[in-house]
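A note on names: the letters A, B, ... follow the listed sequences, proteins ahead of strands, and every chain is numbered from 1. Model, not experiment: these values are computed from the prediction.
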Amino acid sequence: MSASVSSSISALIDGLFEQYGPLIWWKGSTEEVMIGAILTQQTRWENVEVALSRLRQAGICSIRGIFAAPMEEIEALIRPTGFFRVKARRLQGLAAHVIREFGGVEGMRTVPTEDLRESLLSVKGVGEETADSILCYGLGRAVFVIDAYTERICWCAGIDAGRRELKGLFESVLPETADACRQSHAHFVEYAKGYCGKKRCDECWIRNFDG
DNA sequence: TTCCCGTTCT
DNA sequence: AGAACAGGAA
């Protein structure tokens, strides 16, 4: 946890902001963000939007809608996202948990972030990345989401740290607001999709980065 | 490590 | 036809 590591993180954040500027990802309701967070696991976002609109048309794109719907209906509607049998069960498990523990999404808003995170992690199908996405994008908490892209970029930048440590580093460097976390995370994903995914390592300013 | 699985791009 | 995709469980 040296100061140089923190400054490296800051330099990455600043460099990506210079490259992409203001970039806001998804203004959705809390409930749709929660559903989308499950559906997007190992799946392209474009396919998630298809599934979300199908759920909306069926009138079940909500916690209570998912909770009440037959498993087969959910499976059919979310089919475009892949892993539809597993994800349908994860969605109902999450909906049931929210209703049972908090009486609905509104009941979550007063719960401290760490408590809420632990609660979400107890749901089958909600791992750390999904839980943090829900907290940041769905509930407006100042939580930074570490995903495979972020981890890879940091590794290429010479920052030798695991996901746990990276999360703490980003949150200590960034302003303590959900918008700051959202925007920076979006930058990392955007960069990785543009360069890492297309293997443009020769054009990557982050590789062998030492700031 | 392997499985879950449809869609899109190569 | 093959790989890759906003992961997580067993």
Exercise for the section: Measure across A:G140 and A:R182 and return the closest heavy-atom pair with its distance rounded to 0.1 Å. Expected result: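 Nearest heavy atoms, A:G140 then A:R182: CA-NH2, 3.7 Å.
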
Exercise for the section: Determine the minimum heavy-atom distance between A:L121 and A:E128, stating which atoms define it. Expected result: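 Closest approach of A:L121 to A:E128, heavy atoms only: CD2-N, 3.6 Å.
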
Problem - First of A:R163 and A:N47 reached from the 5' end of DNA chain C, by closest nucleotide - result: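 Its nearest nucleotide lies further toward 5', so the answer is A:N47.
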
Exercise for the section: Go through residues 78-90 of chain A and report each residue with a non-hydrogen atom lying under 4.0 Å from DNA chain B, sorted by number. Expected result: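 Listed by number, they are A:R79, A:P80, A:G82, A:F83, A:F84, A:R85, A:V86.
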
Exercise for the section: Kindly work out whether a path of hydrophobic side-chain contacts (I/L/V/M/F/W/Y, heavy atoms less than 4.5 Å apart) joins A:V86 to A:I78. Expected result: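 No; A:I78 is not reachable from A:V86 via cluster members.
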
Exercise for the section: Identify whether A:V111 and A:Y137 are in the same connected component of the hydrophobic contact network (ILVMFWY, side-chain heavy atoms under 4.5 Å). Expected result: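 Yes; A:Y137 is reachable from A:V111 via cluster members.
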
Exercise for the section: Keeping the roles fixed (side chain from A:H185, backbone from A:A180), state whether a donor-acceptor pair exists under 3.5 Å. Expected result: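 Side chain of A:H185 to backbone of A:A180, a donor-acceptor pair under 3.5 Å: no, none is there.
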
Problem - Any donor-acceptor N/O pair, A:K87 side chain to A:R79 backbone, under 3.5 Å - result: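 Not at all, since once roles are kept as given, no pair shorter than 3.5 Å links the two residues.
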
Handout entry: Separation between the P atoms of C:dA1 and B:dC4, rounded to whole Å
Key =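 Roughly 22 Å separates the two P atoms.
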
Practice task
Quote, to the nearest angstrom, the P distance that separates C:dG8 from B:dT7.
Solution key: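 Straight-line distance between the two P atoms is 23 Å.
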
What is the distance, rounded to the nearest whole Å, between atom [atom1] of [X] and atom [atom2] of [N]?
X      : N     : atom1 : atom2 : answer
A:D147 : C:dC5 : CG    : C1'   : 12 Å
A:I38  : B:dC4 : CD1   : P     : 19 Å
A:E49  : B:dG6 : CD    : C1'   : 17 Å
A:W45  : B:dT7 : CH2   : P     : 17 Å
A:R44  : C:dG7 : CZ    : C1'   : 15 Å
A:L91  : B:dC5 : CG    : P     : 13 Å
A:L39  : B:dC5 : CG    : C1'   : 13 Å
A:Q42  : C:dA9 : CD    : P     : 14 Å

Practice task
For A:S119 and A:E101, test the side chains for any donor-to-acceptor distance below 3.5 angstrom and give the result as yes or no.
Solution key: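 Side chains of A:S119 and A:E101: no pair found under 3.5 Å.
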
Handout entry: Residues touching DNA chain C, which here means a heavy atom under 4.0 Å, drawn from residues 116-126 of chain A
Key =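 When residues 116-126 of chain A is checked for heavy atoms under 4.0 Å from DNA chain C, the hits, listed by number, are A:V123, A:K124, A:G125, A:V126.
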
Mind checking [X] for me? I need base, sugar-phosphate or nothing, with any heavy atom below 4.0 Å counting as a touch.
X      : value
A:S133 : nothing
A:E128 : sugar-phosphate
A:E129 : sugar-phosphate
A:K193 : sugar-phosphate

Problem - side chain to side chain donor-acceptor pair (under 3.5 Å) between A:R109 and A:T30, worked out - result: CA-CA 10 Å; A:R109 301 196 189 283; A:T30 299; 3.0 Å; yes

Exercise for the section: Look at the side-chain N and O atoms of A:T43 and state whether any lies under 4.0 Å from the OP1 or OP2 oxygen of C:dG7. Expected result: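 So the side-chain polar atoms of A:T43 never come under 4.0 Å of the phosphate oxygens OP1 or OP2 of C:dG7.
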
Handout entry: Stepwise side-chain contact (heavy atoms from CB on, under 4.5 Å) test for A:F83 and A:Q42
Key = CA-CA 9 Å; A:F83 306 105; A:Q42 196 64 25; 4.0 Å; yes

Practice task
Please identify each residue that fulfils ring pair (Phe, Tyr, Trp, His ring centres under 6.0 Å) with A:F170, with sequence neighbours left out.
Solution key: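 Checked A:F170 against ring pair (Phe, Tyr, Trp, His ring centres under 6.0 Å); matches are A:F144, A:F188.
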
